[in-house]
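This report refers to the structure that appears directly beneath it.
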Amino acid sequence: MTELTANTAPPVVDPLASTAQSGAANYPGLDAWRDLPISQQPTWSDSEVFKASVKELSVVPPLVFAGEVDVLRERLAAAAQGKAFLLQGGDCAETFEAATADKISARVKTILQMAVVLTYGAAMPVIKMGRMAGQFAKPRSSNDETRDGVTLPAYRGDIVNGYDFTPESRAHDAGRMLQAYHTSASTLNLIRAFTQGGFADLRLVHQWNKGFTENPAHARYESLARDIDRAIMFMDSCGADFEALKRVEFFASHEALLLDYERALTRIDSRTGLPYDTSAHFLWIGERTRELDHAHVDFLSRVRNPIGVKLGPTTSGDDALRLIDKLDPNREPGRLTFITRMGATNIREKLPAVVERVTASGAKVLWVTDPMHGNTVTSPNGYKTRNFDDVIDEVRGFFEVHHSLGTVPGGLHVEMTGDDVAECLGGADPIDQDAFLDRYESVCDPRLNHMQSLEMAFLVAGALSKR
């Protein structure tokens, strides 16, 4: 395994040594999912458009390389051992319209700012991963939506249909899968330019954070910011190689919900002859699609990517062990991540039994907290929202449980944006429900805004420093 240090430069991956073979992947078992129960899938309105879209997706270049995926697996293995920490953040649901340079750079900038603070607090490398360049599909609690007596298909994300409440917009259009692919490609191009071209310079990112702590509402974080400032000046004075610190690794991830899309972008690695889903480096299975004998678990069990699974409050220890046996039968370091989303009121009660059962089995999974999805409420004025205090309390509970059990709290998974939106209540510079009227922009779930995301990073850094 590659040793990780605080200023590890991004690895040099030979594209020719890790390029997936072009064309639809042909590998035993990759289509077994088609004969299994499956949920949360669209009903495509035009079969010919669907066939043409899948055919084209099966031959386009991969969005990520197998070699990059292998590097991420090594990084996640280190996090599972307590030698690194995962920060995974981004939009609840990306939209084609919001895939602009300004919005993408704001998201990347916020993640980099959070990572600097977490790196100092944890005294270890932080793996930076975006819910970006592919997070276009969303599960829904109902297939339909009714407004003023009119019923139309529910919005399932831009990869399936449009948000506008019209029959034309809400039709399930398979051609949108191609638009999702091309939007993901342009997003990844920008991310690679930002993270390799000086935008991610440690000194620059820290200067951005100074603006956060200069806000009187965030004065309590000024001491930690000063400590980071002194550390950076010390490194600079010692002649540390800031050339290496100008670039960072940045990985892409999304929920592998739309299996037609994921299967079409699966390729065979020319080095190993094994299948990789080249739509992203990391893919996860949602709480609503993690049934053991259903399609999503079966398909992702057969690709080489690191895999995550969302675990809600109803998860038992036996559920977790069965998922491990199916998705990581060889107990491969870095292969499987459990992303717990239990809610602030459940985390301390429900999580320990699951962690204890997994630990006793000898499995080495990466434990990550998603403090967003278990804490969704409706505001008095009717908006779907989350309370910042509840989100932070679930993070605290996650750390408390792992501390009490002697296990590793290995990462943070958040829905956030780099923009000044008002979607989650509270924070040191508080958002109230009246702000929703002008600044609520999410098409699905509420996200932490830029300032709330940074506040979370400073709070989590404090917990990491005590680990």
Side-chain angles (χ1 to χ4, degrees), residues 1-6 8-15 17-20 62-90 108 111-112 114-115 118-119 122 124-135 184 187-188 191-192 194-196 200 247-256 262 265-267 269 271-272 274-285 300-310 327-328 330-339 364-368 370 408 410-414:
M1 180 185 300
T2 303
E3 183 180 358
L4 281 171
T5 61
T8 297
V12 177
V13 177
D14 180 0
S18 59
T19 300
L63 289 171
V64 302
F65 292 118
E68 296 171 339
V69 173
D70 292 342
V71 168
L72 175 60
R73 194 183 306 107
E74 291 186 1
R75 302 294 187 249
L76 296 176
Q81 298 168 10
K83 298 178 181 177
F85 190 80
L86 172 65
L87 173 61
Q88 186 177 10
V108 172
I111 292 172
L112 294 176
M114 294 174 72
L118 293 172
T119 300
M124 65 178 67
V126 170
I127 305 159
K128 291 161 275 289
M129 186 188 296
R131 287 174 55 111
M132 297 173 67
Q135 183 58 17
S184 297
T187 299
L188 280 168
I191 290 173
R192 284 170 172 140
F194 288 144
T195 55
Q196 301 299 311
R247 302 181 303 277
V248 299
E249 294 176 344
F250 198 100
F251 300 99
S253 68
H254 63 258
E255 180 178 357
E262 304 301 338
L265 282 170
T266 299
R267 304 286 184 267
D269 177 25
R271 305 165 305 166
T272 62
L274 297 174
Y276 284 72
D277 185 340
T278 66
S279 69
H281 301 102
F282 180 94
L283 301 155
W284 76 84
I285 303 166
L300 289 181
S301 73
R302 300 175 188 275
V303 295
R304 285 289 295 146
N305 305 63
I307 301 300
V309 185
K310 292 286 189 80
L327 293 167
D328 185 25
N330 298 322
R331 305 299 194 265
E332 181 182 6
R335 162 66 174 176
L336 185 58
T337 297
F338 280 152
I339 307 167
K364 297 290 186 183
V365 303
L366 171 61
W367 294 101
V368 171
D370 167 4
V408 177
L412 180 66
H413 178 120
V414 291

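All of these numbers come straight from a predicted model, not from anything done at the bench.
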Check: Can you tell if the side chain of Val108 reaches within under 4.5 Å of the side chain of Met132, non-hydrogen atoms only?
Finding: yes
Next item on the list: Measure the shortest side-chain to side-chain distance between Ser253 and Gln88 over non-hydrogen atoms and say whether it is less than 4.5 angstrom.
Entry: yes
Note to self: On a heavy-atom basis, which atom in Leu63 and which in Ser184 lie closest, and how many Å separate them?
What the structure shows: CD1-CB, 3.8 Å
Notebook entry, point to check: Do Leu327 and Ile285 have side chains that get closer than 4.5 Å, going by heavy atoms?
Noted result: yes
Notebook entry, point to check: Of all heavy-atom pairs between Val368 and Gly410, which one has the smallest distance, and what is that distance?
Noted result: CG2-C, 4.4 Å
Notebook entry, point to check: Of all residues at least two apart in sequence or in a different chain, which pass the side chain to side chain donor-acceptor pair (under 3.5 Å) check with Arg335?
Noted result: none
Next item on the list: Verify the ring-centre separation between His413 and Trp284: is it less than 6.0 angstrom?
Entry: yes
Margin query: With a 4.5 Å cut-off on side-chain heavy atoms, are Thr266 and Thr278 touching?
Written below: no
Note to self: Is the shortest side-chain heavy-atom distance between Val64 and Tyr276 below 4.5 Å?
What the structure shows: no
Next item on the list: Compare every heavy atom of Ile127 with every heavy atom of Ala84, then report the nearest pair and how far apart it is.
Entry: CB-CD1, 4.2 Å
Next item on the list: Check ring pair (Phe, Tyr, Trp, His ring centres under 6.0 Å) between Phe338 and all other residues, then give those that pass, not counting sequence neighbours.
Entry: Trp367
Next item on the list: Tell me, please, which residues at least two apart from Ala256 pass side chain to side chain contact (heavy atoms under 4.5 Å, CB included).
Entry: Glu262, Leu283, Leu300
Item checked: Non-neighbouring partners of Lys310 that pass salt bridge (Lys or Arg N to Asp or Glu O under 4.0 Å), sequence neighbours left out -> Asp370
Item checked: Side-chain heavy atoms of Leu76 within contact of Leu86, under 4.5 Å -> yes
Margin query: Please evaluate residues Asp269 and Phe65 with respect to the criterion side-chain contact (heavy atoms from CB on, under 4.5 Å), reporting the C-alpha separation (whole Å), side-chain torsions for both, the decisive distance (0.1 Å), and the verdict.
Written below: CA-CA 9 Å; Asp269 177 25; Phe65 292 118; over 6 Å; no
Next item on the list: State whether Arg75 and Glu249 are salt-bridged, where the test is any N-O pair (Lys NZ or Arg NE/NH1/NH2 against Asp/Glu carboxylate O) under 4.0 Å.
Entry: yes
Next item on the list: With side-chain contact (heavy atoms from CB on, under 4.5 Å) as the test, would you mind laying out the steps for Leu336 and Val309 before giving the verdict?
Entry: CA-CA 8 Å; Leu336 185 58; Val309 185; 4.0 Å; yes
Notebook entry, point to check: Gln135: what forms a side chain to side chain donor-acceptor pair (under 3.5 Å) with it, not counting sequence neighbours?
Noted result: none
Check: So do Ile307 and Thr337 actually touch side chain to side chain, heavy atoms under 4.5 Å?
Finding: no
Next item on the list: Please report the shortest heavy-atom distance between Ala280 and Asn305, naming the atom on each side.
Entry: O-ND2, 3.0 Å
Item checked: For Arg304, salt bridge (Lys or Arg N to Asp or Glu O under 4.0 Å) partners two or more places apart -> Glu332
Notebook entry, point to check: Looking at Gly334 and Pro306, what are the two nearest heavy atoms and their distance?
Noted result: O-CB, 3.6 Å
Checklist line | Close side-chain approach of Met129 and Leu72, heavy atoms under 4.5 Å | finding: yes
Margin query: To check you understand the geometry: which heavy-atom pair defines the closest contact between Val126 and Lys128, and what is its length?
Written below: O-NZ, 2.8 Å
Check: Mind checking what makes ring pair (Phe, Tyr, Trp, His ring centres under 6.0 Å) contact with Phe250, not counting sequence neighbours?
Finding: none
Item checked: salt bridge (Lys or Arg N to Asp or Glu O under 4.0 Å) partners for Asp70, two or more places apart -> Arg73, Arg271
Margin query: Applying ring pair (Phe, Tyr, Trp, His ring centres under 6.0 Å), can you list everything that pairs with His281, at least two apart in sequence or on another chain?
Written below: Phe251
Notebook entry, point to check: In Å and rounded to the nearest 0.5 Å, what is the CZ to CG distance from Arg302 to Leu274?
Noted result: 13.5 Å
